[in-house]
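Heads up: the structure comes next, in structure tokens.
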Amino acid sequence: MKRWGFMAWALLLSLSLGAAAWGDTLADVKAKGVLVAGIKDSAPPFGFIDPQTRAIVGYDVDFCKAIAKKLGVKLEIKAVTSATRMPQLIAGNIDLVAATMTITAERAKQIDFSYVYFLTGQKFLTKKGTVGKLADLEGKKIGTAKGSTSEQNAKKALPTATILSFDDYPSAFLALQQGKVVAVTTDESMLAGLLGKAPNKEAFEIPDIRISDEPYGLGIRKGDKGLLDAVNATLLEMEKSGEAAKVFEKWFGPKTD
Ligand code: GLU
């Protein structure tokens, strides 16, 4: 009895200490003078390595730069994948996630989300002329990334297909080029980014088959209200000042891939 009592007490204490430790990332970030953001390094145009500077750049980076500027601190980027972004945040290795992450009820049980800062939907990238409708993909092998909503949506939409999950989308795209899968599925914005960087673009297409809505939010530790408020205030300011539109134009405008 006593032992159980002690263990329950110890568990409660560690939970509350944990909550306290993560309770004020905003104060922490200001004290260290650095905001550590988890961003993808292989998801153009959201987060990818600039071949000239070797730095991670992209749409997600520019939003984090604006947040860091608003807080008066430097930005440090740690590369994450679809599968590692939430564990890295929860473990305290990063202060926030800006990594093409869709706001879902399931994820919101574990972390908090900012306002939506990008809206897209899930589609397929295929070899030209091979897929006209969703049913053409039944029973086929389809590539996507581990830990993504793309993986879950594809399994629901195509129950007889084999969904192969890679670490990232470029690896899934390589499998498509090698004929190991007949399609890559994820958010249209990311498929367009993959295609934009491909040397043999003409061989591929994104048929008009959309299977979900994917509103992106920035991920913050659960209950980390100070940082969440600061992030949301920045997003609103960027919207009002036209900076958000400028960032969109920079990465998705007519002069981009
Ligand atoms: N936006 C989707 C998700 O959050 C798919 C893209 C990704 O893997 O980040 O899972």
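Whatever order the structure lists ligands and atoms in, that order sets their numbers, starting from 1. Heavy-atom basis, side chains included; hydrogens, waters and symmetry copies ignored.
K140 places a side-chain N or O within donor-acceptor distance of the main-chain N or O of D136, the cut-off being under 3.5 Å. Not one N or O on the side chain of K65 forms a donor-acceptor pair closer than 3.5 Å with the backbone of L75.
At least one heavy atom of R85 sits less than 4.0 Å from an atom of ligand 1. For the ligand labelled ligand 1, residue S150 lies inside the 4.0 Å heavy-atom shell. Heavy-atom separations between A99 and ligand 1 include at least one value shorter than 4.0 Å.
Of the N or O atoms in T186, none lie within a sub-3.5 Å distance of an N or O in ligand 1. At least one N or O atom of T100 sits closer than 3.5 Å to an N or O atom of ligand 1. For a threshold of 3.5 Å applied to N or O pairs, the pair formed by D187 and ligand 1 contains at least one separation below that value.
Ionic pairing of K123 and D208 is present here: one or more N-O contacts between side-chain nitrogen and carboxylate oxygen are shorter than 4.0 angstrom. A salt bridge does not link D41 to R54: none of the charged side-chain nitrogens sits closer than 4.0 Å to a carboxylate oxygen. Ion pairing between a basic and an acidic side chain is recognised when a charged N comes within 4.0 Å of a carboxylate O; D60 and K40 show no such pairing. Taking 4.0 Å as the cut-off between side-chain N and carboxylate O, K250 and D62 count as a salt-bridged pair. Using a cut-off of 4.0 Å between Lys/Arg side-chain N and Asp/Glu carboxylate O, K70 and E237 are scored as salt-bridged.
If you number the atoms of ligand 1 from 1 as listed, the ones under 4.0 Å from a heavy atom of K40 come out as 7 (C), 8 (O), 9 (O). Those atoms of ligand 1 with a heavy atom of S148 less than 4.0 angstrom away are 8 (O), 10 (O). Close approach of ligand 1 to T102 is summarised as follows: ligand atoms under 4.0 Å from at least one heavy atom of the residue are 1 (N), 2 (C), 3 (C), 4 (O). Using a 4.0 Å cut-off to heavy atoms of M190, the atoms of ligand 1 that qualify are 6 (C). Interface atoms of ligand 1 facing M101, defined by a heavy-atom separation under 4.0 Å, are 4 (O). Of all the atoms in ligand 1, the ones that sit under 4.0 Å from a non-hydrogen atom of S82 are 7 (C), 8 (O), 9 (O).
Of the candidates R107, K146, E214, R107 brings a heavy atom nearest to atom 4 (O) of ligand 1.
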key: side-chain contact (heavy atoms from CB on, under 4.5 Å) assessment of N153 paired with E214   = CA-CA 11 Å; N153 298 332; E214 305 289 327; 2.9 Å; yes

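Looking at atom 10 (O) of ligand 1, its nearest protein heavy atom turns out to be T149 N, 2.7 Å.
Within the 4.5 Å cutoff, no side-chain heavy atoms of I142 are placed close to those of T162.
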